[in-house]
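These notes concern the structure reproduced below.
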Number of protein chains: 2
Amino acid sequence: MDSGYVTLEQVAEHAGVSLATASRVINGSTRQVSQRLRDRVTASAQQLGYLANASAQTLARNSSSLVGLLVHDISDPYFSSIAAGVTRCTEEQGLVLVLGTTGRSVQKEGRVLAALRSHRAKAVILVGSRSTDEESNARLAREIEAFRRQGGRVACVSQPGLPADTVSPDNASGAAALARHLVGLGHRRFAILAGPSDLRTARERLDGFHGALSAAGIALDHNNVMHGAFTRDGGYESTRRLMTLGTDATCLFAVNDVMATGAMAALRDLGMKVPGDLSVAGFDDIPTLRDLTPALTTVRLPLEEMGEKAAELALDVDHEGDFRVVTVPGEVVARESTAPPTAP
Amino acid sequence: MDSGYVTLEQVAEHAGVSLATASRVINGSTRQVSQRLRDRVTASAQQLGYLANASAQTLARNSSSLVGLLVHDISDPYFSSIAAGVTRCTEEQGLVLVLGTTGRSVQKEGRVLAALRSHRAKAVILVGSRSTDEESNARLAREIEAFRRQGGRVACVSQPGLPADTVSPDNASGAAALARHLVGLGHRRFAILAGPSDLRTARERLDGFHGALSAAGIALDHNNVMHGAFTRDGGYESTRRLMTLGTDATCLFAVNDVMATGAMAALRDLGMKVPGDLSVAGFDDIPTLRDLTPALTTVRLPLEEMGEKAAELALDVDHEGDFRVVTVPGEVVARESTAPPTAP
DNA sequence: CACGTCCTGGAAAACTCTTTCCCAGGGTAG
DNA sequence: CTACCCTGGGAAAGAGTTTTCCAGGACGTG
């Protein structure tokens, strides 16, 4: 209690039992220990203020109570919402969460994954879409395999196609439903902030939206599709570019909410009214959205639940074998940022 | 490389050196190793794909590369911004960040702290104001002492008075500066969303604001000070309550931005115009603020830098002895949510 | 040339647990 | 009554590092 550590050996000695017995009492192994000794050991542990040395346990068991969570940017509300769901689940189970931020860098991702492997983390949860680049996906798949071979478990959010359990929003259907809703409002000419062209999530949403338009007999002008960074500033920038080039669109769809937020800021700076001059819609329903004016129409994803579900998948030790995919439907939430187009 | 682990012993054998030498090469101890052996060992490690077992290292060194970060709620942009700053610093140093969320529960805080102790974490950073309750502060102080006795380092953000290095915003001065600014605009009657009455940060801001008003010869009506939860919903709720009771105030100060955000939503729902019917100001300058309409007047804190600074303090191993306090000034940022009061 | 010093490498202890193996004692079945 | 099994306890063998201690060789000095 003073300055050093209380070891299990000291507890055993204090209780007058062997080290083995003390260990069996404290962690509750399969072996039985008589009630009498059990009481003595717990009393001694209590009295001495025993706290197990986690690294010694990890070394002996070859498995730790650490769970990794990899996100691109923790200050992005999309990721922090998912992170909140993950923490809820891990804390329930007494596990310790390790947060790694990748900044979308494959190298950093690799470093964090290696660190988790080195710590014998029990599981890792990868959040956020990766690129569609074949090579970096293959490398990630190898890292995942290495992690799993060491006894770790893996789950992904928003990145289907990897060799792991996955929680994946139904991007295409959600975007299609949104498109139909907007067409229902009377819109015929759309502009799209499509994000990076090599990002899977971005592309699925674009394709779903585009597909639904095609099905409704509406063409999408190539000049109305802007690619750019998947961030608020990317949305701002893309919108300015779009407006500088000029557009005939009556409705702007940003494939995620942070870009839509940037778009709204750009339009405000340009003196354009939403939805009067242009309707705007996003995707994700991040919590900060409801405080925008006008409130943003979007496709709602249950972000916290998705994080929680991913953690459950990753920590469900019973399951072995093929990879499960949980598809999460998106729900169109109509708010004030979209309205029927005003007559031209 | 196949299914098991490569140990340092295997690397040593492969390189034809002793375990001790291999260890000295890989981690770079104080001891010299000849260039010849050095090359052999690194080559073998590379070839075999050696990855150190972190728990074994922790056990042997009695210190790990883990750094704890305790926040109340990671999905709150205030905390996630600070977290982003902390991660930047820890990743630079190759450390692994453990994220603990407390939900403002003292028990959970204790549990996380114990887990970090058990893992021999190198440092822990406590973010967010605690209560002004003497007893729970004393308990926290004891936990901190225990952590430090085990060789860990501690830093706090926004909670001065604890036995640890601290990064603390100058709440009183910032709030006072804001008050002077608002008085300068012509406001004389204020309402305040003061947060929980036992939260140190909240009280400092309230007191600073109040003090500046007094200095300007302005009284603060007791009925215009609403206490409530330190969250968006708390701000919403408090504002509704305030308006239901009725107020003569021309300006509303919420002691943090998330409450101000809730206040704006409540006013919108009540059909009141900001700043036309009521000016609103907050405190913190969380990133999401700039996308509100009208944009919120606030006191800007450099949140990411504060996180980074706290991490630096916690990881500055050179420093021993008395506790350093870094005071961070807040800067009034005037935006559209405040304007001179309209004639009564 | 002898002796002390410095430097490099290796053997082995230490770190704190978990778990296997072994043993004693008591109960049960034949 | 003996052989066998079952239960509960302890000794000891790991788990993979770091680090201390010791040995031997090179080198410098008197």
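Here is the naming used below: chain letters follow the sequence lines, and residue numbers restart at 1 for every chain.
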_Distance check needed: C/dC17 P versus A/L8 CG, whole Å only._
5 Å
*asked:* Atom CD of residue position A/E13 - does it have more than 12 heavy atoms of other residues, nucleotides or ligands inside 6.0 Å?
replied: no
_D/dA11 OP1/OP2 closer than 4.0 Å to side-chain N/O of A/S18_ = no
*Pick base, sugar-phosphate or nothing for A/N53, based on heavy-atom distances below 4.0 Å to the nucleic acid.*
sugar-phosphate
*Within less than 4.0 Å of OP1 or OP2 of D/dT17, is there a side-chain N or O belonging to B/Y50?*
yes
*Look at the side-chain N and O atoms of B/T58 and state whether any lies under 4.0 Å from the OP1 or OP2 oxygen of C/dC15.*
no
_A/R24 side chain, from C-beta outward: closest of C/dT16, D/dG10, D/dT17_ = D/dG10
*Hey, are B/S129 and B/T201 close enough side-chain-wise for a donor-acceptor pair under 3.5 Å?*
yes
_Which nucleotide in C/dC17, D/dT17, C/dT8 has an atom nearest any side-chain atom of A/L19_ = C/dC17
*Could you give the CD1-to-P distance, from B/I26 to D/dT18, as a whole number of Å?*
9 Å
*Between D/dT17, D/dA12, D/dT19, which nucleotide has the shortest distance from any of its atoms to the side chain of A/A20?*
D/dA12
*Could you give the CZ-to-P distance, from B/R38 to C/dT8, as a whole number of Å?*
10 Å
*asked:* Consider side chain to side chain contact (heavy atoms under 4.5 Å, CB included). Of A/L69, A/T102, A/L303, which one does A/V127 pass it with?
replied: A/L69
*Taking OP1 and OP2 of C/dT18, is either one under 4.0 Å from a side-chain nitrogen or oxygen of A/N27?*
yes
_B/E9 CD - D/dG14 C1' separation (whole Å)_ = 12 Å
*Would you kindly give the OH-to-P distance between B/Y5 and D/dT17, to the nearest whole Å?*
12 Å
*A/A60 has a side chain; which of D/dG9, D/dG14, C/dT16 sits nearest to it?*
D/dG14
*Could you tell me the separation between the CZ atom of B/R40 and the P atom of C/dT8, rounded to a whole number of Å?*
16 Å
*asked:* Tell me the interatomic distance from A/R61, atom CZ, to C/dT19, atom P, rounded to whole angstroms.
replied: 7 Å
*Taking the six-membered ring of A/F230, is NZ or CZ of A/R104 closer than 6.0 Å to its centre and within 45° of its axis?*
no
_Between B/S23 and D/dT18, is there a contact of a side-chain N or O with OP1 or OP2 at under 4.0 Å?_
yes
*Evaluate salt bridge (Lys or Arg N to Asp or Glu O under 4.0 Å) for A/E312 paired with A/K309, printing each intermediate quantity in order.*
CA-CA 5 Å; A/E312 274 171 26; A/K309 187 67 195 170; 3.6 Å; yes
*Should B/Q57 be listed as having a side-chain N or O under 4.0 Å from OP1 or OP2 of D/dT18?*
yes
*Among the nucleotides D/dG9, D/dG16, D/dA12, which one has an atom lying closest to any side-chain atom of B/A56?*
D/dG16
*Counting side-chain heavy atoms from C-beta on, which of C/dG9, D/dT18, C/dA12 comes nearest to B/R31?*
C/dG9
*Quick one: B/Q150 CD to C/dT16 P, roughly how many Å, whole number?*
11 Å
*asked:* Less than 4.5 Å apart, side chain to side chain, heavy atoms only: is that true for B/L66 and A/H119?
replied: yes
*Most 5' of A/T21 and B/Q32 on DNA chain C, judged by nearest nucleotide*: B/Q32
